[in-house]
Amino acid sequence: MGEIVLAAKITHVPTIWMSEKVKGFEGIRKQAVAGLKEIGRRAEARGVETFILCDTHWLVNQGFHLNGRPGWAGTFTSHELPHMLHGLAYDYRGDPDLGDLIAEEANAAGLRTLNHKVQGLDLEYGTLIPMWLANTFGARVLPVAANQFSAPEENRDFGIALRRAVEKSGRRVAFLASGSLSHAFAPNRVSRDKLNDITDEFLRQVDLRVLQLWTEGEIATFLKMLPTYVTACHGEGAMADTAMLFGVLGWDSYRGKAEILCDYFPSSGTGQVIVDFPVS
Ligand SMILES: [Fe+2]
């Protein structure tokens with residue numbers, strides 16, 4: 001029987017790449033680099049065969065989608081932030097069979113889901129940056145899109161279906177919610193000054209309260225505030241990744257307490273973190 005052996009909310013900001021690769025920015029995200037490497041260390045130690053990432057940079061407008069290609073190789077340059085992220089080489093195996101199983105379970109739950117195996121459907125940096133640091137041991141990769149017009153309940157149901165599929169699959173899986181906490185990108189005129197700052201103090205304070213709820217195990221309370229959090233704090237990809245993560249974990253019946261692997265940090269106006277949610 002398959003199993004979710006690791007579940008985490010993670011950052012994927014391009015400043016992580018800059019921290020390692022761009023002259024003048026060395027070390028600016030060293031804690032996030034260490035946190036993603038720790039995710040990889042834990043995943044490898046737990047025998048993870050596939051990383052499933054809900055990637056909030058793979059935004060879709062209708063339905064649910066998996067990238068079930070058998071593999072990808074290439075060199076990535078971001079269209080959004082080409083000055084921050086370019087030249088990221090990658091080569092990963094995919095997991096088409098697990099994608100099929102998840103689509104089957106999600107469709108049975110009434111969620112319109114497709115598992116794509118088409119040329120041209122490449123990886124986004126919400127997958128590539130975490131995999132660059134965490135997947136150094138050849139695990140498979142299976143990206144899930146974030147529907148930017150979806151409701152938390154739909155993503156919860158997708159997470160529940162995903163977990164059911166994993167349990168049927170025989171795979172050992174890490175589920176990573178790859179997205180921001182608050183996500184108000186700094187306005188263009190101040191974007192350079194806000195490289196290491198939050199756009200609005202209100203957003204930082206809400207993010208910190210969310211982290212407190214997570215570390216104290218107050219998940220049911222957090223889920224009550226999630227719909228308003230998404231709109232008031234500019235959720236990245238409607239925070240589909242976060243709702244999906246809690247669906248995977250059992251939603252409001254989850255009793256675990258989050259472990260912070262990288263302290264909260266602002267990046268280009270947004271709020272970022274790496275948090276491991278223990279799975280039983
Ligand atoms: Fe992002």
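Counting starts at 1 for both ligands and their atoms, following the listed order.
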Exercise. What's within reach of the Fe ion (ligand 1), meaning protein N/O/S atoms under 2.8 Å?
Worked result: His12 NE2, His57 NE2, Glu236 OE2
Between [X] and [Y] (salt bridge meaning N to carboxylate O under 4.0 Å), is one present in this structure?
{"X": "Arg204", "Y": "Glu201", "result": "yes"}
{"X": "Arg164", "Y": "Glu105", "result": "yes"}
{"X": "Asp197", "Y": "Arg192", "result": "no"}

Exercise. Is the Tyr90 to Trp72 ring centre distance short of 6.0 Å?
Worked result: no
Problem set entry | CG (Asn188) with more than 12 external heavy atoms under 6.0 Å | no
For this session: Taking the side chain as every heavy atom from C-beta outward, state whether Ile274 and Ile39 have any atom pair closer than 4.5 Å.
Result: yes
